[in-house]
Amino acid sequence: MHIVITGANRGIGHALYRHYVDSGDQVLGTARDAEGFLPLDVSTPEGFPRLAHHLDSQPVDLLICNAGVYLDKHESLATGYEPAMWAQSFAVNVTGVFQTVQTLLPNLQMAENAKIAIISSQMASHTRAPGGSYIYRASKAAALNLGRNLATDLRGLGIAVGIYHPGWVQTDMGGTQAEITVEESATGLAARFAALDLATTGCFQTWDGRDHPY
């Protein structure tokens, strides 16, 4: 299986990268700036032609859109949430996902039963609104909406799309007090990706297999 993972140099992305490499799959990981990975900053358009060229005429069975940022964790409603922070967050968490999918659509169409996995968050759900983290919540909600609409448009091409909450994970983003390790998250997510098909396309699921309210 040929797999592409964005943001593969750290956290959940790196754990997924190691999982699939150890399983014997052909894996291409991208990173903004990390040795051993294809350079790709998903927030800027310049890198996508390089990605397309690197994968020219190669089928992609599974695209994992993992690259993401959480820039407003410690912002104050009274004084924070600068416009530049909104722009950067949406450029990575939403536009970056769309441009990655758009760039690799020809490669996905070359594969049989291709799949796209978008890493969002339970913070995207309208059922969870405790306040704060406005930028991150809004951008992940947009990524969820994007995935749902891609699932509709790509169904006719035989490409399934799933959107996933990776859990509260012990990463730089999740913190040391988080509930699960990156390895637990990656193992659970890989099982979800394996189960994804056209019958479940558009799903929003947790890392451990529960359907999450939109």
Side-chain angles (χ1 to χ4, degrees), residues 1 3-25 27 29 60-70 73 92-94 96-97 100-101 113-130 132-133 136-152 154-155 159-214:
M1 187 161 63
I3 301 165
V4 175
I5 306 173
T6 63
N9 60 309
R10 60 187 178 90
I12 297 165
H14 189 64
L16 285 166
Y17 179 84
R18 292 306 322 166
H19 174 89
Y20 286 113
V21 168
D22 292 345
S23 298
D25 293 300
V27 189
V60 172
D61 299 288
L62 173 61
L63 168 61
I64 303 174
C65 296
N66 166 76
V69 293
Y70 186 175
K73 185 181 294 187
V92 176
N93 294 350
V94 187
V97 173
T100 303
V101 172
N113 302 318
K115 306 177 185 185
I116 298 169
I118 297 172
I119 305 301
S120 181
S121 169
Q122 66 181 1
M123 293 169 72
S125 174
H126 75 275
T127 64
R128 296 180 64 89
S133 299
Y136 185 75
R137 292 181 192 279
S139 66
K140 286 301 186 179
L144 170 59
N145 183 275
L146 173 63
R148 294 276 290 165
N149 282 281
L150 284 170
T152 297
L154 297 181
R155 178 190 290 273
I159 301 171
V161 181
I163 307 98
Y164 301 94
H165 166 56
W168 184 20
V169 188
Q170 296 164 10
T171 62
D172 291 342
M173 186 181 293
T176 58
Q177 301 302 312
E179 296 173 342
I180 60 173
T181 66
V182 289
E183 291 78 16
E184 289 174 304
S185 177
T187 299
L189 287 170
R192 306 285 77 74
F193 304 161
L196 176 64
D197 58 21
L198 290 178
T200 57
T201 191
C203 64
F204 183 29
Q205 294 181 338
T206 64
W207 68 279
D208 53 355
R210 292 173 288 122
D211 291 326
H212 199 293
Y214 298 106

Looking only at atom types and distance, does a side-chain atom of [X] sit under 3.5 Å from a main-chain N or O of [Y], one as donor and one as acceptor?
X      : Y      : answer
Thr187 : Glu184 : no
Ser120 : Ala143 : no
Lys140 : Ile119 : yes
His19  : Glu183 : no
Asp197 : Thr200 : yes
Thr201 : Val161 : yes
Asp61  : Ala114 : no
Asn93  : Val69  : yes

Parallel, tilted or perpendicular: rings of Tyr70 and Tyr136 (30°, 60°): parallel

Over-ring placement of Arg192 relative to Tyr164, 6.0 Å and 45° cut-offs: no

Contacts of Thr152 that satisfy side chain to side chain contact (heavy atoms under 4.5 Å, CB included) - sequence neighbours left out: none

Short side-chain donor-acceptor distance under 3.5 Å, Ser23 and Asp25: no

